[in-house]
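All remarks here apply to the structure that follows.
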2 protein chains.
Amino acid sequence: MTNTKILIVEDHRDVRDLLRDVLANDYQVVEAVDGVSALAKFNTEAPDLIILDLMLPQVTGESVLKTIRKTSAVPVLVLTAIQDKQKVVALLEEGANDYLTKPFDIDELLARVQVQLRQRTKPLNEQNKLTYGAIVLNPSDHQVVINGQKLPLPKKEFAILQLLLAHPKQVFTKENLYETVWGEPYLNAENTLNVHISNLRNKVNDLAGTPNKYIISIWGIGVRLV
Amino acid sequence: MTNTKILIVEDHRDVRDLLRDVLANDYQVVEAVDGVSALAKFNTEAPDLIILDLMLPQVTGESVLKTIRKTSAVPVLVLTAIQDKQKVVALLEEGANDYLTKPFDIDELLARVQVQLRQRTKPLNEQNKLTYGAIVLNPSDHQVVINGQKLPLPKKEFAILQLLLAHPKQVFTKENLYETVWGEPYLNAENTLNVHISNLRNKVNDLAGTPNKYIISIWGIGVRLV
DNA sequence: GCAGGTTATGATTAATTTATCAATTAAATC
DNA sequence: GATTTAATTGATAAATTAATCATAACCTGC
């Protein structure tokens, strides 16, 4: 059992069970049953590979892929019904790394998973600690350290900081940020998010000491680290 | 035509011709007709990707792959006859990056080639960076750098610059520009746009240093980069 | 069910961008 | 060179968006 983590996104229970069974021997497995939870899991779990069913309720696999590709190069292996084969070319161009048509051969699946993981030369020494400047965030024990001082953070603030640190310098629109952290549509929740950001920023700046504004707003666009 | 080089290893003349034809538009193509010449070409040409037929006279594709993998991680895309499918899993484990069964779909081939080549390209946030002269614009972190100096830009000005940089040298009519940036009809908003362009131009020229007028107006027509 | 912290909401204020106007300057046409 | 049309500029008003504060609602563990 490695510490390699695979996210399975599949709404059909039977397929999901099958995938989990065959992958669980060799990998850590996390699961999502629809597009929204897929994105949430993607952000919180930071998987090393994603197996993505195309046919999902509501948010389609395609749009999940697109969203993920905005911030990440994580390998994505798409599952597709045989009649979708025309779509596949477009999908590969949009960022999918490989695909399998259902029903798929288990051994081939495993082999293709291996191929994707092999490409990635991720230094496994540092777990999934996130660092930016003086900020160190460790998801596994839910702890943030800034300049050596511990900073206890409530869940939401932690999640926001984690998302920002996971994609440094990338601009997040308020909508984007809210939907991935809260996992629900951004409906005039503007102020809620603003308040959280404000609180988080104060705490971070307090410890960072420097007049460094780590979390800055880009007027009319969103928020990012600097 | 990029400077990306692909090595085709295929003994059948017709398949080889087909592959060359479809790839030659986008890539440099070198060819080998058997295992021995494949290894020779691999060493002398240093291709960025190899398309390898499994069924070769004398030295088989499998052993070519093995030999290559001793010294190189170059992406290898294997071509296989339909009845070899069982072999494929073993092959992927031995280091092949992908495979296609013959007869293959051209578009799928091209897409899979792209996928393999994409892995080596720049990190995502560098991907859609736009550059023109001393100007570098990065949409993902909403940042403009000119001669190494950051230039913060408001939304509209940023959008205008982005549009210009995306189509360098192309002339934009005022109407054109306004409608794509504002997303609404150009109804005597003439001055609004003019003011924005003027402001943007000043900021750009300030940092560009040179009397370089990056954004020039073409009298009576519109605006373009130079 | 209570006490702690956490999260959401609303009202207010501050900050910044965007639009508009008027006046000037520059370019083209004749 | 006079005239017309387009472009620039600076100033100012309007509109948007963000930050802050105080407070209420909500949980969660005890």
Side-chain angles (χ1 to χ4, degrees), chain A residues 40 142-144 150-164 171-206 211-226, chain B residues 142-144 150-164 171-206 211 213-226:
Chain A
H142 196 269
Q143 195 156 279
V144 177
K150 282 183 202 166
L151 172 59
L153 284 181
K155 247 188 303 198
K156 288 275 153 70
E157 290 177 23
F158 186 89
I160 292 170
L161 186 59
Q162 180 175 2
L163 184 56
L164 290 176
V171 180
F172 290 88
T173 65
K174 297 284 178 67
E175 185 177 2
N176 206 325
L177 224 144
Y178 186 88
E179 293 188 344
T180 53
V181 169
W182 270 256
E184 51 186 69
Y186 182 66
L187 219 89
N188 62 353
E190 182 165 336
N191 220 40
T192 300
L193 179 57
N194 279 337
V195 171
H196 280 279
I197 291 175
S198 171
N199 293 337
L200 176 59
R201 177 160 29 213
N202 285 337
K203 292 178 188 173
V204 169
N205 281 344
D206 277 2
N212 232 328
K213 287 190 69 178
Y214 272 105
I215 302 161
I216 67 157
S217 346
I218 309 214
W219 218 92
I221 308 287
V223 174
R224 69 174 191 125
L225 280 181
V226 97
Chain B
H142 190 80
Q143 196 158 276
V144 176
K150 284 179 200 166
L151 172 58
L153 286 181
K155 223 191 334 192
K156 288 271 153 70
E157 290 177 23
F158 188 91
I160 293 170
L161 186 59
Q162 181 171 7
L163 183 56
L164 291 175
V171 180
F172 289 88
T173 65
K174 296 286 177 66
E175 186 176 1
N176 207 325
L177 228 151
Y178 186 88
E179 293 188 344
T180 53
V181 169
W182 269 255
E184 49 186 70
Y186 184 64
L187 223 95
N188 63 350
E190 182 164 337
N191 220 43
T192 300
L193 177 57
N194 281 336
V195 170
H196 279 280
I197 291 175
S198 170
N199 292 338
L200 176 59
R201 181 172 12 229
N202 286 337
K203 292 178 188 172
V204 169
N205 282 343
D206 277 1
K213 287 190 69 179
Y214 272 105
I215 301 160
I216 66 155
S217 322
I218 311 217
W219 213 91
I221 309 287
V223 174
R224 69 170 196 138
L225 280 180
V226 96

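The sequence lines fix the lettering, A, B, ..., with proteins before strands; numbering per chain opens at 1. Everything numeric in this text was worked out from a predicted model, so none of it was measured.
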Anything under 3.5 Å between a donor and an acceptor, one on a side chain of residues 155-164 of chain B, the other on a protein residue two or more places apart or in another chain? List them.
from   : atom 1 : to     : atom 2 : distance (Å)
B/E157 : OE1    : B/K203 : NZ     : 2.9

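For the side chain to side chain contact (heavy atoms under 4.5 Å, CB included) with A/L200, the lone residue among A/L153, A/N205, A/V195 that qualifies is A/L153.
For the pair A/L153 CG and C/dT6 P, the interatomic distance rounds to 9 Å; values are reported in whole Å. D/dA7 atom P lies 12 Å from atom CG of B/L177, rounded to whole Å. The CG atom of B/L200 sits 14 Å away from the P atom of C/dA19 (whole-angstrom rounding). Distance CG (B/L193) to C1' (D/dT9): 15 Å, rounded to an integer number of Å. If you measure from atom CD1 of B/I215 to atom P of D/dT8, you get 10 Å, rounded to the nearest angstrom. Rounded to an integer number of Å, the gap from NE2 of A/H142 to P of C/dG5 is 17 Å. Between the CZ atom of A/F158 and the C1' atom of C/dT6 there is a distance of 16 Å, rounded to whole Å. Going from atom NZ of B/K203 over to atom P of C/dT16 covers 12 Å, rounded to whole Å.
A/N194 has its side chain within reach of A/K174: a pair of non-hydrogen atoms, C-beta onward, lies under 4.5 Å apart. A/R201 places none of its side-chain heavy atoms less than 4.5 Å from the side chain of A/Y214. Taking 4.5 Å as the limit, some side-chain heavy atom of A/T192 sits within range of a side-chain heavy atom of A/W182.
Taking CD from B/E175 and CG from B/L193, the interatomic distance works out to 11.0 Å, rounded to the nearest 0.5 Å.
B/R224 pairs by the salt bridge (charged side-chain N to carboxylate O under 4.0 Å, His left out) definition with nothing, not counting sequence neighbours.
Of the side-chain N and O atoms in B/T192, one or more sit less than 4.0 angstrom from OP1 or OP2 of C/dT20. Checking the phosphate oxygens (OP1, OP2) of C/dT7, no side-chain nitrogen or oxygen of A/W182 falls inside 4.0 Å. Side-chain N/O atoms of B/H196 include none lying less than 4.0 angstrom from OP1 or OP2 on C/dT18.
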Legend entry - Base-contact (B) and sugar-phosphate-only (S) positions in nucleotides 16-21 of chain D, heavy-atom cut-off under 4.0 Å, - elsewhere: BBSBBB
